[in-house]
Amino acid sequence: MASLLDKLNPEQLAAVTLPAEPALILAGAGSGKTRVLTTRLAWLLQTGQVTQSGVLAVTFTNKAAKEMLTRLSAMLPINTRGMWIGTFHGLCNRFLRAHHREAALPQTFQILDTSDQLAAIKRLLKALNVDDEKYPPRELQHFINGNKEAGYRAHAVEAWDDYTRKRVELYAEYDAQCQREGVVDFPELLLRSYELLERNEPIRRHYQSRFRHVLVDEFQDTNRLQYLWLKLLAGHATASPAAVFAVGDDDQSIYGFRGAEVGNMRDFEREFKVPRVIRLEQNYRSHGNILDAANAIIANNSKRLGKNLWTDQGSGEPIRVYEAVADLDEARWIVEEIQQLVRDGASRSDIALLYRSNAQSRVLEHQLFSLGISYRVYGGLRFFERQEIKHALAYLRLIANPDDDTAFARVVNFPTRGIGARSLEQLQDASRVYNTSLYATVSHLSGKPAQAVGAFVRLIEEMRHATTGLPLPEVVDHVLDVSGLRTHYKAEREGEERLANLDELINAAAYFVHEDGAPPAEGEEVLAGDPLSRFLSHASLEAGDHQADAGQDAIQLMTVHAAKGLEFDMVFLSGLEDGLFPHENSITSLEGLEEERRLMYVAVTRARQRLYLSLAQSRMLHGQTRYAMKSRFFTEIPEELLKWLTPRVQQGFGAVHTPTRNYDGDNHATSRLNTPRQNGRDLGGFYVGQAVRHGRFGSGVIVSAEGSGADARVQVNFGSGVGIKLLALSVAKLEAE
DNA sequence: TCCATACTTATTTTT
DNA sequence: TAAGTATGGA
């Protein structure tokens with residue numbers, strides 16, 4: 001037992017061995033958060049304070065849940081299968097399958113992913129004849145999900161204006177449609193579970209008395225509904241509440257834009273009366289200079305719970321900074337530097353290239369590609385999101401649940417079988433009249449459309465019949481043939497990859513059955529439902545890997561968001577320009593800016609040994625060259641931690657006049673940029689891209705120009721604090737800097 | 001039904 | 001720029 005607690009630092013040890021009471025662990029970046037969480041779980045089990053079935057551990061991602069299970073099995077010789085360790089959505093799915101009747105759902109209910117949900121909303125708007133210009137589907141989706149995640153059903157949403165009233169009405173209609181079809185979206189998994197617990201006392205009591213210890217990972221990312229769900233499940237208001245062990249870092253809260261409420265941490269501390277917040281501040285990842293920079297940056301945020309990272313590893317190297325003239329030069333420099341690192345023996349996969357937004361990867365990729373350096377871009381389409389896979393899954397969904405109109409609409413005419421828009425419209429209308437699903441409505445139809453659609457229904461019936469009792473992989477195989485999907489993609493010019501993916505789906509099914517069939521631990525129940533429904537919910541809840549060959553030794557490219565939780569020996573953080581990072585859409589509000597700052601904090605703390613920061617004075621954005629100032633975050637890092645690799649004269653764009661400014665001496669891009677006249681406009685000697693000084697606003701860059709001569713006006717970006725100003729040259733006393 | 005062309009729009013994203 | 005959607009003609 002001692003071995004479990006070995007090598008923990010005093011704070012970690014204190015956290016792991018806390019008594020059964022509400023606990024809040026503020027775990028800084030690289031402080032051994034996962035280790036503490038897993039060791040706590042193992043320790044509770046090993047010391048007999050709780051049984052396997054008395055534990056609920058919840059994470060946000062499948063990856064984190066898997067990691068916890070793997071590490072737990074490595075610590076204790078136990079069968080973890082059947083334990084309630086998983087994602088919020090995964091656990092709620094399991095809960096709802098087990099109590100589908102009480103939750104008023106068919107046992108085979110299907111889960112809509114984000115794109116399915118959007119399709120369902122579009123279909124609803126069409127059926128109700130709602131103008132989708134006035135009520136854009138995406139906006140409506142956001143409205144519905146936002147309300148669900150705050151815990152509000154349509155009837156509970158306050159609406160003070162006609163527009164909102166209409167959206168609330170559509171929200172109610174949407175829920176009714178989902179109910180008819182036997183499908184639930186992501187937030188619905190949570191809300192439905194919450195409502196069931198709230199309404200059904202026997203079930204609530206059962207789970208409240210069962211779970212004695214509730215462990216929550218990444219607590220700062222919880223939304224309101226998740227917080228309420230935890231509170232209820234843990235029996236917060238009851239005589240014998242479960243001990244909630246919440247681990248998180250308010251400084252790494254970067255998902256506010258999708259409903260995460262950092263405030264949940266404060267609320268938790270207060271409402272659960274956490275006796276003592278434990279801070280994990282010793283960092284095992286980065287060298288001192290990197291941590292000093294991170295601490296300095298995040299110190300500018302208000303409303304923090306407070307925390308300061310430290311290390312005993314020494315200060316290490318300075319942070320290297322490079323200011324390029326243009327995005328292309330920045331990319332060239334980064335790639336050149338990477339080549340040097342690799343020549344010096346660095347392994348490519350230890351090098352990460354981070355950026356604020358996905359669009360920035362293009363220049364970088366281009367540069368890497370042309371120099372033949374292997375790289376891997378994270379993000380993008382995942383396995384279960386590919387169209388051919390979604391088509392195949394739609395057939396499977398119809399076998400499991402014929403009322404799933406989203407699945408029906410997706411494949412009724414794919415591959416094409418002569419069912420046009422008019423037939424479908426008729427079917428939609430009839431389905432409203434009879435209040436039945438599209439599938440069930442077909443029997444009411446007559447005439448020509450009924451023939452074609454009827455044939456489709458018979459096809460699905462045959463599929464269901466032929467696959468009953470077959471092992472899952474064979475079901476999939478059969479469906480791929482009979483649906484005509486295989487034939488379709490065989491005929492398609494570039495269908496080989498799609499065909500390969502479809503075959504991969506059979507493998508995924510086989511693998512799933514293999515995992516799914518393992519015997520559960522004693523006293524544990526497995527997920528209820530038939531194997532097909534289980535596989536389908538697995539496909540929705542776990543969209544699979546982001547493509548790319550993970551095993552290869554390649555440079556890692558990703559957004560800062562995607563990098564959260566990861567670490568690399570060397571990190572390049574590119575595009576550090578005001579307007580890009582922090583993003584211009586976020587700088588208008590304090591909360592927005594503080595989230596950007598947390599993002600910056602996350603980015604900086606990814607680096608173990610070496611951190612590079614870079615920016616470009618001009619950048620191609622939306623097909624136009626844009627000029628920007630250095631990111632305001634530079635001013636938040638103590639100067640002595642930075643090592644400028646570009647001559648200091650260049651800062652503030654003074655260098656545009658110096659002859660050698662580009663990394664490789666190639667200055668054609670610059671000479672084009674700095675032509676003192678643009679579009680023949682007379683700007684009295686000024687030009688776009690020029691560094692200027694204003695008496696009141698300070699120094700900035702001319703971003704754009706309009707008018708000419710006496711009417712000439714220019715937009716000047718003054719950076720931090722001031723922002724972009726439109727100034728008439730005849731009025732404003734600008735001087736070249 | 002399919003294909004070409006025009007038009008729009010442009011963070012971050014897991015489940 | 002460039003991807004995604006919308007529209008209209010064959």
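Chain A approaches DNA chain C within less than 4.0 angstrom (heavy atoms of the protein), and the contacting nucleotides run 5' to 3' from C:dT1 to C:dA2.
Between the C1' atoms of B:dT12 and C:dT5, the separation comes to 23 Å (whole Å).
Remark: A:Tyr207 pairs with A:His99 by the side-chain hydrogen bond (donor to acceptor under 3.5 Å, both in side chains) rule, at least two apart or across chains. Taking the side-chain hydrogen bond (donor to acceptor under 3.5 Å, both in side chains) definition, one finds that A:Thr59 meets it with nothing, sequence neighbours left out. In this structure A:Glu636 satisfies the salt bridge (Lys or Arg N to Asp or Glu O under 4.0 Å) test together with A:Arg597, sequence neighbours excluded.
One atom, OH of A:Tyr194, and another, C1' of B:dT15, lie 20 Å apart when rounded to the nearest Å. Rounded to whole angstrom, the span from the CZ atom of A:Arg382 across to the C1' atom of B:dT14 amounts to 7 Å. Between the P atom of B:dT1 and the NE2 atom of A:His488 lies a distance of 13 Å, rounded to the nearest Å. Separating the CG atom of A:Leu190 from the C1' atom of B:dT14 is a distance of 12 Å, rounded to the nearest angstrom. Between A:His142 atom NE2 and B:dT14 atom C1' the separation is 14 Å, expressed in whole Å. Going from atom NE2 of A:His538 over to atom P of B:dT15 covers 12 Å, rounded to whole Å. Distance CG (A:Asp217) to P (B:dT15): 13 Å, rounded to an integer number of Å. Rounded to whole angstrom, the span from the CZ atom of A:Phe384 across to the C1' atom of B:dT15 amounts to 14 Å.
With hydrogens and angles ignored, no donor-acceptor pair closer than 3.5 Å exists between the side chain of A:Thr61 and the base of B:dT15.
Here A:Asn145 lies out of heavy-atom contact (under 4.0 Å) with every strand. Heavy atoms of A:Phe60 sit under 4.0 angstrom from primed sugar atoms or phosphate atoms, though from no base atom. As judged by a 4.0 angstrom heavy-atom cut-off over every strand, A:Thr114 is placed among the base-contacting residues.
Nucleotide B:dT11 carries a syn base; the chi torsion (O4'-C1'-N9-C4 or O4'-C1'-N1-C2) is within 90° of 0.
For A:Phe257 and A:His561, the ring centers sit closer than 6.0 Å to each other. Taking the ring centroids of A:His100 and A:Phe109, they lie at or beyond the 6.0 Å cut-off. Annotation: A:Phe456 is in aromatic contact with A:Phe408 [ring centroid separation under 6.0 Å].
Contact annotation: A:Thr59 does not reach the phosphate of B:dT15 (side-chain N/O to OP1 or OP2, under 4.0 Å). OP1 or OP2 of B:dT15 sits under 4.0 Å from a side-chain N or O of A:Asn62.
Under a 4.0 Å N-O distance rule, the pair A:Asp516/A:Arg534 qualifies as a salt bridge.
The distance from atom CG of A:Leu105 to atom CG of A:Leu196, rounded to the nearest 0.5 Å, is 9.5 Å. To the nearest 0.5 Å, atom OG1 of residue A:Thr38 and atom NZ of residue A:Lys33 are 9.5 Å apart.
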- Message: Run the side chain to side chain contact (heavy atoms under 4.5 Å, CB included) test on A:Ser357 and A:Thr559 for me, step by step, so that the C-alpha distance in whole Å, both residues' side-chain angles and the decisive distance to 0.1 Å come before the verdict.
- Response: CA-CA 6 Å; A:Ser357 64; A:Thr559 63; over 6 Å; no
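Across the interface with DNA chain B, nearest-nucleotide mapping of A:Glu149 and A:Arg417 shows A:Arg417 to be the residue nearer the 5′ end.
Paired with A:Leu573 under the rule side chain to side chain contact (heavy atoms under 4.5 Å, CB included), one option of A:Phe633, A:Tyr612, A:Phe581 passes, and it is A:Phe581. Only one option out of A:Lys390, A:His391, A:Glu385 pairs with A:Gln387 in a side chain to side chain contact (heavy atoms under 4.5 Å, CB included); it is A:His391.
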- Scan nucleotides 5-13 of chain B nucleotide by nucleotide, 5' to 3', and note B when protein non-hydrogen atoms come under 4.0 Å of the base, S if they reach only the sugar-phosphate, - if neither. -----BBBB
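Base-pairing analysis of DNA chain C finds the following stems of at least three consecutive Watson-Crick or G-U pairs, with both pairing distances under 3.5 Å: B:1-10 with C:1-10.
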